[in-house]
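Here the structure is a predicted model, which is why all the values come from computation and not from measurement.
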Amino acid sequence: MESRAPPHRLLEKKNPKLFMKTILTHLGSDIPPFAEFCLRQYRIFNPQAEMAFIAGESYLKDRSALLEELRIEPVASESLEKEPAIKKFREINYYKNWGTPETVYPSQRNFWNYTLERLFFVESLMRKKGWQDVFHFENDVMIYADLADVQKRISRPPQMHITPVGYQWVACGLLYVPEAGQLGRFCEFVLKELPQGDEKIKKKRNIEIVSDMTLLKAYADETKTVCYFPVLPEGPHSAGLSELGSIFDGASWGQFAAGTNNGHGPGWATDQSYVGRELLLGKYKLAWETADG
């Protein structure tokens, strides 16, 4: 039988060339403990990728050993706070103490503020470092693929890609940004929308809540400049499957597999999401395979 190196050997710098770039963020509070699983899982499949994590300076220090082990560049959020777009967002933003406290993992105060603001930080860091072809995803996402391969399969000229969820929402289950200007145009869209106020935006956009998810969906629908990753193996939400060779998860597949932090157990789905609707109809089942340990 062929002997195989243990998983941690994948982290060795066998090739100095860095093929891919990823930026993750956590603003406003300590980096949650589950983020470690996300980061370690990502490194198994993306051992050569260049990665930065934006968070408060003190929280980065608390996680310095983990970040150093996984070769993740710490970027203090304080170093980007003077960027014009971030300053403008903070001037006009009206979110106050929005969150969901009564959950297994309670969301922090100003939760919706930070989830939207983080995209301004990602855009600012991309511009500051001159980075292109950047992936971003939530800190509770598990990556099971080499994202450099995903990047190569995206059609040219590349457009911003994101994982769709439902008619009102998209989610950063996976976000791909070819160049900072594409994300910057979304930030400009947000800065024009927010001064209208919460109720006017909800009525105009026919949405239940103003958030990063609903504003990204509104921007994608309005500008037609954002592409969607396929989230189903057939039908209208499978577009791009043949090129990309995989479906992606904005939220629904993972929620069906393991439940949610709102107390739902495995097997949960909602008909408000594209994938959830199909799962409730019994069209798909999840099957797990193990390869190479």
Side-chain angles (χ1 to χ4, degrees), residues 95 98-100 103 107 111-116 118-119 136-138 140-141 154-155 159-177 182-183 185-194 196-244 246-264 267-286:
Y95 292 108
W98 288 22
T100 312
T103 66
S107 58
F111 173 79
W112 291 115
N113 164 68
Y114 292 126
T115 59
L116 183 53
R118 57 155 170 181
L119 298 173
H136 169 74
F137 45 88
E138 315 278 9
D140 59 354
V141 167
I154 290 175
S155 59
Q159 294 292 318
M160 198 159 75
H161 279 60
I162 197 166
T163 41
V165 177
Y167 79 96
Q168 288 192 34
W169 311 281
V170 300
C172 292
L174 190 65
L175 171 67
Y176 165 67
V177 185
Q182 291 193 28
L183 186 55
R185 286 187 282 278
F186 166 72
C187 294
E188 292 170 2
F189 171 82
V190 171
L191 296 178
K192 292 178 181 177
E193 286 286 302
L194 289 186
Q196 300 175 60
D198 194 64
E199 291 304 319
K200 185 174 180 179
I201 297 172
K202 288 192 291 187
K203 184 176 181 180
K204 180 178 73 171
R205 301 290 179 187
N206 189 29
I207 55 179
E208 297 176 8
I209 184 173
V210 179
S211 70
D212 59 311
M213 296 188 295
T214 55
L215 288 176
L216 277 164
K217 181 65 163 60
Y219 175 77
D221 289 348
E222 184 173 297
T223 66
K224 310 298 183 187
T225 60
V226 178
C227 297
Y228 294 130
F229 287 113
V231 294
L232 284 165
E234 57 186 2
H237 307 296
S238 66
L241 177 60
S242 59
E243 295 83 8
L244 292 166
S246 173
I247 62 170
F248 298 77
D249 186 20
S252 304
W253 289 107
Q255 291 171 343
F256 185 73
T260 77
N261 67 319
N262 290 318
H264 305 109
W268 184 84
T270 172
D271 63 5
Q272 298 299 303
S273 76
Y274 302 134
V275 173
R277 195 176 305 145
E278 301 291 283
L279 291 170
L280 289 171
L281 291 172
K283 291 188 176 182
Y284 301 101
K285 294 181 180 179
L286 290 181

CA sep, side-chain torsions, deciding dist, call: Trp112, Ile209, side chain to side chain contact (heavy atoms under 4.5 Å, CB included): CA-CA 10 Å; Trp112 291 115; Ile209 184 173; 3.5 Å; yes

Gly173 backbone acceptor or donor facing Thr163 side chain under 3.5 Å: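 Judged by distance alone, yes, a pair lies under 3.5 Å.
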
Would you say Thr270's side chain and Gly276's backbone share a donor-acceptor pair under 3.5 angstrom?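 No; judged by distance alone, with no hydrogens or angles, the pair does not exist.
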
In a check of side-chain contact (heavy atoms from CB on, under 4.5 Å) between Tyr274 and each of Ser252, Pro164, Pro236, which one passes?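 Single pass found, and it is Pro164.
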
Could you name each residue pair satisfying salt bridge (Lys or Arg N to Asp or Glu O under 4.0 Å) that touches residues 210-231, not counting sequence neighbours?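 Checked against salt bridge (Lys or Arg N to Asp or Glu O under 4.0 Å) - neighbours excluded - the pairs reaching residues 210-231 are Arg118-Asp212, Arg205-Glu222, Lys217-Asp221.
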
Side-chain contact test, heavy atoms from C-beta onward, threshold under 4.5 Å: evaluate it for [X] versus [Y] and give yes or no.
X      : Y      : answer
Leu281 : Glu278 : yes
Ile247 : Leu232 : no
Leu175 : Leu216 : no
Met160 : Leu183 : yes
Ile162 : Val226 : yes
Thr225 : Arg185 : no

In Å, rounded to the nearest 0.5 Å, how long is the span from [atom1] of [X] to [atom2] of [Y]?
X      : Y      : atom1 : atom2 : answer
Phe256 : His264 : CZ    : NE2   : 14.0 Å
Phe229 : Leu241 : CZ    : CG    : 13.0 Å
Glu138 : Leu174 : CD    : CG    : 10.5 Å
Trp253 : Leu286 : CH2   : CG    : 6.0 Å

Minimum heavy-atom separation for [X] to [Y], with atom names?
X      : Y      : answer
Ala239 : Pro230 : O-CB, 3.5 Å
Gln255 : Thr260 : CG-CG2, 3.8 Å
Leu119 : Cys172 : CD2-SG, 4.3 Å
Ile207 : Thr214 : CD1-OG1, 3.7 Å

What side-chain hydrogen bond (donor to acceptor under 3.5 Å, both in side chains) pairs are there with at least one residue in residues 233-242, not counting sequence neighbours?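 Output for this query lists Glu234-Tyr284.
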
Which of parallel (below 30°), tilted (30 to 60°) and perpendicular (above 60°) describes Trp169 and Tyr167?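 Judged by the thresholds at 30° and 60°, the geometry between Trp169 and Tyr167 is tilted.
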
Of Lys202, Lys203, Lys204, the residue whose pairing with Gln196 passes side chain to side chain donor-acceptor pair (under 3.5 Å):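 The option that passes is Lys204.
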
List in chain and number order the residues that pass ring-ring contact (aromatic ring centres under 6.0 Å, His included) with Phe189, two or more places apart in sequence or in another chain; answer none if no residue qualifies.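 If we apply the ring-ring contact (aromatic ring centres under 6.0 Å, His included) test to Phe189, skipping adjacent residues, the hits are Tyr219.
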
Working for side chain to side chain contact (heavy atoms under 4.5 Å, CB included), residues Ile154 and His161: CA-CA 9 Å; Ile154 290 175; His161 279 60; 3.6 Å; yes

